[in-house]
Amino acid sequence: MDILVCIKQVPGAANVAVDEVTGVLKRDGVESKMNPYDLFALETAFRIKEEKGGSVTALSMGPPQAREILLEAIQMGADEGCLLTDRRFAGADVAATGYTLAQGIRRIGPFDLIICGKQTTDGDTAQVGAEMAEFLNLPHAAYVTRFESVTRDQIILFANLEHTVQKLSIQIPCVVTVEKDLYTPRLPSYKRRLQTQDKQIRVLTLQDLGDQDERHYGLSGSPTQVEKIFPPEQTAVRQILTGSAESLSGRLLDILAVRKVI
């Protein structure tokens with residue numbers, strides 16, 4: 001079974017500057033890491049590969065430095081890595097991101113199964129996987145918490161919906177987005193790091209894709225625009241209360257009521 005896992009490099013710290021003109025995060029010079037939810041997607045792919053055979057390819061869309069997380073994915077167990085990078089991809093919303101990823105997948109595929117983490121910690125939309133599936137015209141399932149069985153033709157899985165857990169049968173090829181804690185992610189292997197230190201990461205730009213119309217990518221291809229974005233205010237003000245448990249509970253209740261927390 002040929003599996004593709006979409007991963008993303010996200011800021012590694014909460015203190016990230018915002019471009020006041022475009023409304024996007026300033027990622028240059030910021031410490032980055034692999035999106036935590038993608039670790040669960042990778043582990044899911046590795047376990048299916050170990051059971052069913054095949055290959056795992058990691059795909060990321062981002063700046064050139066996103067190559068680092070693709071190497072990390074290979075050290076964890078991925079067979080190949082591919083980076084979609086082009087300045088014309090910058091500033092994409094969920095629709096343009098999904099479209100770009102779909103174009104990249106068409107270029108390097110086909111794949112039997114495409115796995116994404118539920119969401120990213122920088123965007124938090126949880127929409128890209130579904131958007132990508134629609135552009136690829138593939139069935140998809142979101143918020144997957146457990147795989148019951150995987151065959152050549154279908155996957156039986158469980159999805160955690162708002163008020164219920166739904167058991168689904170989905171035909172292959174398909175796209176799934178997985179919840180955290182589906183499996184415990186493995187660590188990168190030092191042995192695999194030595195074995196793969198010369199591994200080449202495939203790089204694709206706009207000119208490598210089937211659709212080379214710049215209007216379909218980045219800010220130009222985004223039907224939604226950010227009106228305003230700003231980092232949260234940070235405060236170091238603290239208030240220390242002393243006294244008996246009975247008096248403290250009353251005072252704490254008054255403070256929370258004044259601040260309209262309750």
Side-chain angles (χ1 to χ4, degrees), residues 4-11 16 18-19 21-28 30 32-42 57-70 73 81-109 111 113-143 174-178 201-227 229:
L4 178 80
V5 182
C6 294
I7 62 177
K8 185 181 181 183
Q9 190 178 56
V10 297
V16 181
V18 176
D19 189 312
V21 177
T22 62
V24 299
L25 301 180
K26 294 181 179 180
R27 301 178 186 272
D28 293 340
V30 177
S32 300
K33 63 180 181 181
M34 188 186 303
N35 176 49
Y37 287 96
D38 298 340
L39 296 171
F40 302 102
L42 282 169
T57 299
L59 172 67
S60 185
M61 169 185 158
Q65 58 264 32
R67 179 178 180 272
E68 297 174 5
I69 64 167
L70 291 167
C82 180
L83 176 63
L84 280 167
T85 184
D86 196 305
R87 287 193 174 274
R88 289 166 288 190
F89 297 159
D93 69 354
V94 291
T97 298
Y99 185 76
T100 306
L101 288 169
Q103 287 292 308
I105 292 169
R106 291 185 186 279
R107 181 70 173 82
I108 66 175
F111 295 95
L113 175 61
I114 300 170
I115 308 176
C116 307
K118 180 182 73 169
Q119 63 192 64
T120 59
T121 55
D122 55 354
D124 278 332
T125 65
Q127 297 174 4
V128 171
E131 295 263 9
M132 183 177 64
E134 289 298 311
F135 286 123
L136 291 170
N137 195 29
L138 292 177
H140 72 274
Y143 310 111
C174 62
V175 178
V176 299
T177 65
V178 298
I201 300 298
R202 186 176 182 181
V203 177
L204 299 179
T205 66
L206 179 61
Q207 301 307 313
D208 298 305
L209 304 183
D211 179 5
Q212 298 180 10
D213 189 338
E214 296 183 20
R215 296 173 297 178
H216 298 160
Y217 302 90
L219 284 172
S220 300
S222 300
T224 60
Q225 300 291 328
V226 176
E227 182 175 328
I229 186 171

Interatomic spacing from CD in E68 to CE in M34 - rounded to 0.5 Å: 11.0 Å
For F111, ring-ring contact (aromatic ring centres under 6.0 Å, His included) partners two or more places apart: none
Distance in Å, I201 CD1 paired with R67 CZ, rounded so as to fall on 0.5 Å steps: 5.5 Å
L83/R202 under side chain to side chain contact (heavy atoms under 4.5 Å, CB included): CA gap, chis, key distance, verdict: CA-CA 6 Å; L83 176 63; R202 186 176 182 181; over 6 Å; no
side-chain hydrogen bond (donor to acceptor under 3.5 Å, both in side chains) against H140, all qualifying residues, sequence neighbours excluded: none
Non-hydrogen atoms of S222 and G218 that approach each other most closely: OG-O, 2.6 Å
For F135 against A102, the heavy-atom pair lying closest together: CB-CB, 3.7 Å
Test item: side-chain donor near acceptor, D86 and Y217, under 3.5 Å: no
Sidechain-backbone polar pair: N35 side chain, T121 backbone, donor-acceptor under 3.5 Å: yes
T125 backbone acceptor or donor facing Q119 side chain under 3.5 Å: no
Residue Y143 excluded, over 12 heavy atoms near OH under 6.0 Å: no
From CG (L59) to CG (L84), nearest 0.5 Å: 5.0 Å
Side-chain heavy-atom pair V128, T177 within 4.5 angstrom cut-off: no
Sole residue of D122, T97, D38 in side chain to side chain donor-acceptor pair (under 3.5 Å) with K8: D122
Donor-acceptor pair, side chain of Q9 and main chain of I69, under 3.5 angstrom: no
Heavy-atom closest contact (D208 atom, V203 atom, distance): OD2-O, 4.0 Å
Side chain to side chain, M132 and I105, heavy atoms closer than 4.5 Å: yes
Gap separating the NE2 atom of H216 from the CZ atom of F89, nearest 0.5 angstrom: 13.0 Å
Minimum-distance pair of heavy atoms, taken over all atoms of L136 and R106: CA-NH2, 3.5 Å
Validation row: C174, I114 side chains within 4.5 angstrom (heavy atoms): no
Side-chain donor or acceptor of R88 paired with backbone N/O of L206 under 3.5 Å: no
Taking every non-hydrogen atom, the tightest pair across P223 and D93: CD-OD2, 3.2 Å
Minimal non-hydrogen separation, I7 against A73, with atom names: CD1-CB, 4.1 Å
Backbone N/O of P11 and side chain of S32: donor-acceptor pair under 3.5 Å: no
D213 atom CG, over 12 foreign heavy atoms within 6.0 Å: yes
